[in-house]
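Side chains included, hydrogens not; waters and symmetry mates left out as well; all remaining heavy atoms used. Since the structure is predicted, the reported quantities are computational estimates derived from the model, not experimental observations.
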Amino acid sequence: MRLLHTADWHLGQTLHGFARDHEHARFLDWLLDRLEDRAVDALVIAGDVFDGQNPPIPALRLFYRFLAKAKARCPALDIVVVAGNHDSGSRLEAPSPLLTEMGVRVVGALPVGEDGSFAPDGLLVPLTDGHGRIAARCVAVPYLRPADLPPLTEEEVAAGADPLIEGVRRVYEAAAEAGRRALQPGEALILTGHCYMRDGALSELSERKVLGGNQHALPVNVFPEDAAYVALGHLHRAQAVGARESVRYSGSPLPLAVDEEPYPHQVVLADFAEGRLAGVEALRVPRFVAIRRIPGGGRFAAPEDALAALTALELDDSLPRDVWPYVEVSVELPSPRPALREEVVAALAGRPARLVKIALRLTGSGEALAESAPLADLADLAPQDVFLRLYRRHHDGDPEPALLAAFHELVAAVQEGA
């Protein structure tokens, strides 16, 4: 049996105000081709299908169009979708009466029995091979919120056990046991999850720390050793977890922030034979829209150098607007330069590119502007006091009258808007 594992589509996402529907449509068309030409038997989407809990209509249209086309082109394909922390589990599950009839299983929340307790058998999805035989049992665990977790015993509390980590462990123990009860000889046990694992490589600009953040990162031993494969979502960088090659994040198919530009984005093909993982192959997703970072490599440039690099930037005038590259400019400043944005915009005016971000750093401090606020009780300070303290921290003397006037104009605009 061949399974394709993907996650973190974030349909409906915008990059600094620019909609990404075109990129997502191109990715989904590419994925349809891979499902067909690589003879995939099962597709697992491990959470964060959408970027928000109330996805826009174009994002919903992309998702359902994809499901319909996937089943039309690959009628025997088993599809499993679990909710991530960005998704609304109930909204994702709402069309289940229709989707289940199509062979699409959606799990938005943990199933419960008549007594209100966790019913792990409701997570089980049989996956079939190319001959129609059941080759695996997928235990489709969605993103777990603290309210989903069972309470600790008094003994565990007294021993100082972490309620989040141990609660997740118990959910997976019960879920895996339900899967084992259903397993027949030669079938693989496959789990899903949307969670933050210990020692995972993060993308700080686009990932929310779930459950309790770093201190509640899950150890890989929450997943049983007899699981043939664990298909994870949440971290956007593709990676195996710890020393277990069978526990994997597929990564996101698109860079969801500019700092995700350098590393490859992919989906994962996993082959199974006789109940075991037989091989893993990463399929690189093409970059449908380029991200150009000036000067590149996370470095900062002097204003004149950055503007010169923008002017020299080679761009393709024949590109349609939907595929114009995104541009980030990182500038270091020895002193404030109020007209910088206008200068950057002018350097790109009339050219086929989309400015998504200007990152600033004050020379001499080693800090980005957003990180260099003074340590003070803001409730005791007027806005001008905060501004003056910050200015004096990085520069000699006081700001010029024109800059101070611009600051007061900004404060007035914010206060009037409030």
Exercise. Using the ring pair (Phe, Tyr, Trp, His ring centres under 6.0 Å) rule, take Phe288 and Trp30 through it: C-alpha gap first, then chi angles, then the decisive distance, then the call.
Key: CA-CA 10 Å; Phe288 301 108; Trp30 174 88; 7.5 Å; no
Quiz prompt | Step-by-step side chain to side chain donor-acceptor pair (under 3.5 Å) determination, Asn85 to Arg145 | solution = CA-CA 8 Å; Asn85 59 298; Arg145 292 172 169 80; over 6 Å; no
Quiz item: Relative to Tyr263, does Arg237 satisfy both conditions: NZ or CZ under 6.0 angstrom from the six-membered ring centre, and within 45 degrees of the ring's axis?
Solution: yes
Exercise. Flag the pair Val104 / Tyr64 as yes when at least one side-chain heavy-atom distance between them is below 4.5 Å, and no otherwise.
Key: no
Exercise. Check whether the side chains of Asp48 and His194 place a donor and an acceptor atom closer than 3.5 Å, and report yes or no.
Key: yes
Practice problem: Considering only NZ, NE, NH1 and NH2 on the basic side and carboxylate oxygens on the acidic side, decide whether Glu23 and Arg20 come within less than 4.0 Å. | Solution: yes
Exercise. Applying side-chain contact (heavy atoms from CB on, under 4.5 Å), run through Gln184 and Ile134 and close with a yes or a no.
Key: CA-CA 9 Å; Gln184 299 298 314; Ile134 295 176; over 6 Å; no
Exercise. Write down the atom of Phe272, the atom of Ile190, and the distance for their closest heavy-atom approach.
Key: CZ-CD1, 3.7 Å
Practice problem: Using a 4.5 Å cut-off on heavy atoms from C-beta on, say whether the side chain of Met1 contacts that of Arg133. | Solution: no
Exercise. Report the C-alpha distance between Thr128 and His131 in whole Å, list the side-chain angles of each, state the deciding distance to 0.1 Å, and finish with yes or no for side-chain contact (heavy atoms from CB on, under 4.5 Å).
Key: CA-CA 8 Å; Thr128 56; His131 302 286; over 6 Å; no
Exercise. Give a yes or no on whether a salt bridge exists between Asp322 and Arg354, defined as a side-chain N under 4.0 angstrom from a carboxylate O.
Key: no
Practice problem: Would you indicate whether Glu342, at its atom CD, is surrounded by more than 12 heavy atoms from other residues, nucleotides or ligands within a distance under 6.0 Å? | Solution: yes
Quiz item: Are Asp129 and Arg2 within salt-bridge range, i.e. N to O under 4.0 Å?
Solution: no
Exercise. Show the numbers, then the answer: is there a salt bridge (Lys or Arg N to Asp or Glu O under 4.0 Å) between Asp78 and Arg105?
Key: CA-CA 8 Å; Asp78 295 315; Arg105 180 65 181 278; over 6 Å; no
Quiz prompt | Gap between atom CG of Leu127 and atom CD1 of Ile79 - 0.5 Å precision | solution = 11.5 Å
Quiz item: Above 12 or not: heavy atoms from other molecules or residues under 6.0 Å from CZ of Arg73?
Solution: yes
Practice problem: Kindly compute the distance separating CD1 (Ile165) from CZ (Arg198), expressed to the nearest 0.5 Å. | Solution: 5.0 Å
Quiz item: Between atom CZ of Phe18 and atom CH2 of Trp324, what is the distance when rounded to the nearest 0.5 Å?
Solution: 9.5 Å
Practice problem: Determine whether more than 12 heavy atoms belonging to other residues, nucleotides or ligands lie under 6.0 Å from atom CZ of Arg276. | Solution: no
Quiz item: Under the 3.5 angstrom rule, does the side chain of Thr100 hit a backbone N or O of Pro97 as a donor-acceptor pair?
Solution: no
Practice problem: Could you pull out the closest heavy-atom pair between Ala228 and Ser246, with the gap in Å? | Solution: O-CB, 3.4 Å
Exercise. Indicate yes or no: at least one non-hydrogen side-chain atom of Ser252 is less than 4.5 angstrom from one of Glu260.
Key: yes
Quiz item: Which atom pair, heavy atoms only, marks the closest approach of Tyr391 to Pro336?
Solution: CE1-CG, 3.6 Å
Quiz item: How long is the gap from CD on Glu225 to CG on Leu189, to the nearest 0.5 Å?
Solution: 12.0 Å
Quiz item: Do His24 and His10 pass the ring pair (Phe, Tyr, Trp, His ring centres under 6.0 Å) test, and can you show the C-alpha distance, the side-chain angles, and the key distance before you say yes or no?
Solution: CA-CA 9 Å; His24 278 123; His10 289 266; 8.3 Å; no
Exercise. Would you indicate whether the side-chain heavy atoms of Thr6 and Leu43 approach each other to under 4.5 Å?
Key: yes
Quiz item: Does the pair Arg38/Glu281 count as a salt bridge with the N-to-O cut at 4.0 Å?
Solution: yes
Exercise. Would you check if the side chain of Thr192 reaches a backbone N or O of Ala231 as a donor-acceptor pair within less than 3.5 Å?
Key: no
Self-check item: Heavy-atom side-chain contact between Pro255 and Ile291 under 4.5 Å
Solution: yes
Practice problem: Please examine the side chains of Gln266 and Ser250, heavy atoms only from C-beta on, and report whether any two atoms are closer than 4.5 Å. | Solution: no
Quiz item: How would you list, by chain and number, every residue that makes a ring pair (Phe, Tyr, Trp, His ring centres under 6.0 Å) with His22, sequence neighbours excluded?
Solution: none
Exercise. Please report the C-alpha distance between Asp87 and Gln53 in whole Å, then the side-chain angles of each, then the deciding distance to 0.1 Å, and finally whether the side-chain contact (heavy atoms from CB on, under 4.5 Å) criterion is met.
Key: CA-CA 5 Å; Asp87 299 311; Gln53 298 204 353; over 6 Å; no
Self-check item: Aromatic contact, His5 with Tyr229 (centres under 6.0 Å)
Solution: yes
Exercise. Answer whether the closest heavy-atom distance between the side chains of Val327 and Val356 falls below 4.5 Å.
Key: no
Quiz item: Shortest non-hydrogen contact from Ala109 to Glu93?
Solution: N-OE2, 3.4 Å
Self-check item: Listed partners of Pro224 passing side-chain contact (heavy atoms from CB on, under 4.5 Å), at least two apart
Solution: Ala176, Arg180, Leu191, Asp226, Ala227
Quiz prompt | Any side-chain heavy-atom pair of Lys357 and Leu15 under 4.5 Å | solution = no
Quiz item: Roughly how far, to the nearest 0.5 Å, is the SG atom of Cys195 from the CG atom of Leu164?
Solution: 12.5 Å
Quiz item: Just by modelled atom types, is the Leu110 backbone N or O under 3.5 Å from a matching donor or acceptor in the Asp148 side chain?
Solution: no
Quiz item: Between CG of Asp316 and CG of Leu319, what distance do you get to the nearest 0.5 Å?
Solution: 4.0 Å
Quiz item: Any donor-acceptor pair under 3.5 Å linking the side chain of Arg34 with the backbone of Leu4?
Solution: no
Practice problem: Give the C-alpha distance, both sets of side-chain angles, the deciding distance and a yes or no for side-chain contact (heavy atoms from CB on, under 4.5 Å) between Val331 and Arg361. | Solution: CA-CA 6 Å; Val331 180; Arg361 185 174 69 187; over 6 Å; no
Exercise. Answer yes or no: is there an ion pair linking Arg61 with Asp21, defined by an N-O contact shorter than 4.0 Å?
Key: no
Quiz item: Salt bridge between Glu304 and Arg337, side-chain N to carboxylate O under 4.0 Å?
Solution: yes
Exercise. Please confirm whether Trp9 and Phe27 have ring centers closer than 6.0 angstrom.
Key: yes
Quiz item: How close do Pro120 and Ala178 get, heavy atom to heavy atom, and via which atoms?
Solution: CB-CB, 3.9 Å
Quiz item: Side chain of Asp41, backbone of Gly130: donor and acceptor closer than 3.5 Å?
Solution: yes
Exercise. Identify the residue among Asp8, Leu218, Val241 that makes a side-chain contact (heavy atoms from CB on, under 4.5 Å) with Leu232.
Key: Val241
Exercise. Could you tell me which non-hydrogen atom of Pro142 sits nearest to which non-hydrogen atom of Val82, and how far apart they are?
Key: CA-CB, 3.9 Å
